[in-house]
Student: 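One structure is given below, represented as structure tokens, and several questions about it will come after.
Per chain, numbering begins at 1; letters A, B, ... match sequence-line order.
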Amino acid sequence: MNIFRLAGDLSHLLAIILLLIKIWKTRSCAGISGKSQILFAVVYISRYLDLVTTFVSVYNTVMKLVFIVSSVATLYMMYVKFKATYDHNHDSFRIEFLLVPCFVLALLIHAAFTPLEILWTFSIYLEAVAILPQLFLVSKTGEAESITSHYLFALGSYRALYLLNWIYRYYAEGHYDLIAIFAGAIQTILYCDFFYLYITKVLKGKKLQLPA
Amino acid sequence: TGKDQQHDEL
């Protein structure tokens with residue numbers, strides 16, 4: 001564990017909590033892509049199956065459980081409890097266009113051809129692109145509420161901080177995982193546009209609105 | 001990255 005990894009994990013946790021608070025307080029999931037949330041739930045469940053096979057640490061186990069439970073809770077809020085507020089019409093990204101290629105890629109490029117390892121690799125690839133339906137929704141409506149913007153910023157920062165963690169681990173421990181590094185870089189790049197808008201608009205107190 | 005690799009990150 002190093003400072004970058006811890007900061008990344010906390011940023012990830014903050015993102016998830018922000019999203020749940022936003023939905024709960026406003027009693028609405030307007031502006032949130034249910035498609036992205038489905039993908040994140042698939043990511044956590046397929047990645048953390050090793051909960052039953054490998055014990056790393058109490059921290060590791062607790063965080064994995066929190067991620068799985070909170071992603072399922074988010075889906076429950078969106079598709080059951082506050083279903084009426086969910087923006088079906090704008091959330092029209094076809095997730096099979098992400099799920100299928102990620103799974104095929106995991107079958108082709110992986111560290112080991114075992115069920116758990118293939119699912120882990122699939123989850124890494126899928127996580128890299130899971131935010132696309134959300135970004136697509138923001139681009140369709142042309143704006144995002146400030147708390148949604150904070151959520152996206154925290155979620156994007158997490159993988160950027162992990163990139164620093166991987167650089168640190170490479171030098172400090174000689175440890176590296178090319179699959180995670182490559183997918184993490186793609187994931188971070190996808191947020192760059194958003195980071196720019198966040199810093200130039202949201203931090204100056206303006207609403208995140210896309211240029212027409 | 002090896003076969004017996006343990007994924008200790010989240």
Student: Nearest 0.5 Å please: distance from the CG atom of A/D177 over to the CD atom of B/E9.
Tutor: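 The CD atom of B/E9 is 7.5 Å from CG of A/D177, to the nearest 0.5 Å.
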Student: Does atom CZ of A/F182 have more than 12 heavy-atom neighbours from other groups under 6.0 Å away?
Tutor: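 No.
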Student: Kindly give the heavy-atom pair with the smallest separation between A/F67 and B/L10, and that separation in Å.
Tutor: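 Heavy-atom minimum between the residues: CE1-CD1, 4.0 Å.
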Student: Enter the distance from B/D8:CG to A/Y59:OH here, rounded to the nearest 0.5 Å.
Tutor: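 Answer rounded to 0.5 Å: 11.0 Å.
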Student: Is it the backbone or the side chain of A/D9 that comes under 4.5 Å from a heavy atom of chain B, or both, or neither?
Tutor: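 For A/D9, the side chain is the part near chain B, not the backbone.
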Student: Would you find more than 12 non-hydrogen atoms of other residues, nucleotides or ligands less than 6.0 Å from A/F136 atom CZ?
Tutor: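 Count over threshold, so yes.
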Student: Are the side chains of B/H7 and A/R47 in contact, using a 4.5 Å heavy-atom criterion?
Tutor: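 SC-SC contact between A/R47 and B/H7 ruled out.
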Student: I'd like to know whether CG of A/L6 has more than 12 heavy-atom contacts from other residues, nucleotides or ligands below 6.0 angstrom.
Tutor: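 Buried by this count: over 12 neighbours within 6.0 Å.
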Student: Given a strict heavy-atom distance threshold of 4.5 Å, which part of A/Y44 is in contact with chain B: side chain, backbone, both, or neither?
Tutor: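 Contact with chain B: none, neither part.
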Student: Can you tell which part of A/F55 gets under 4.5 Å to a heavy atom of chain B, answering side chain, backbone, both or neither?
Tutor: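 For A/F55, the contact with chain B is made by the backbone alone.
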Student: Got a sec: does the OH of A/Y168 have more than 12 other heavy atoms crowding it under 6.0 Å?
Tutor: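 Atom OH in A/Y168 is not packed in, count stays at 12 or less.
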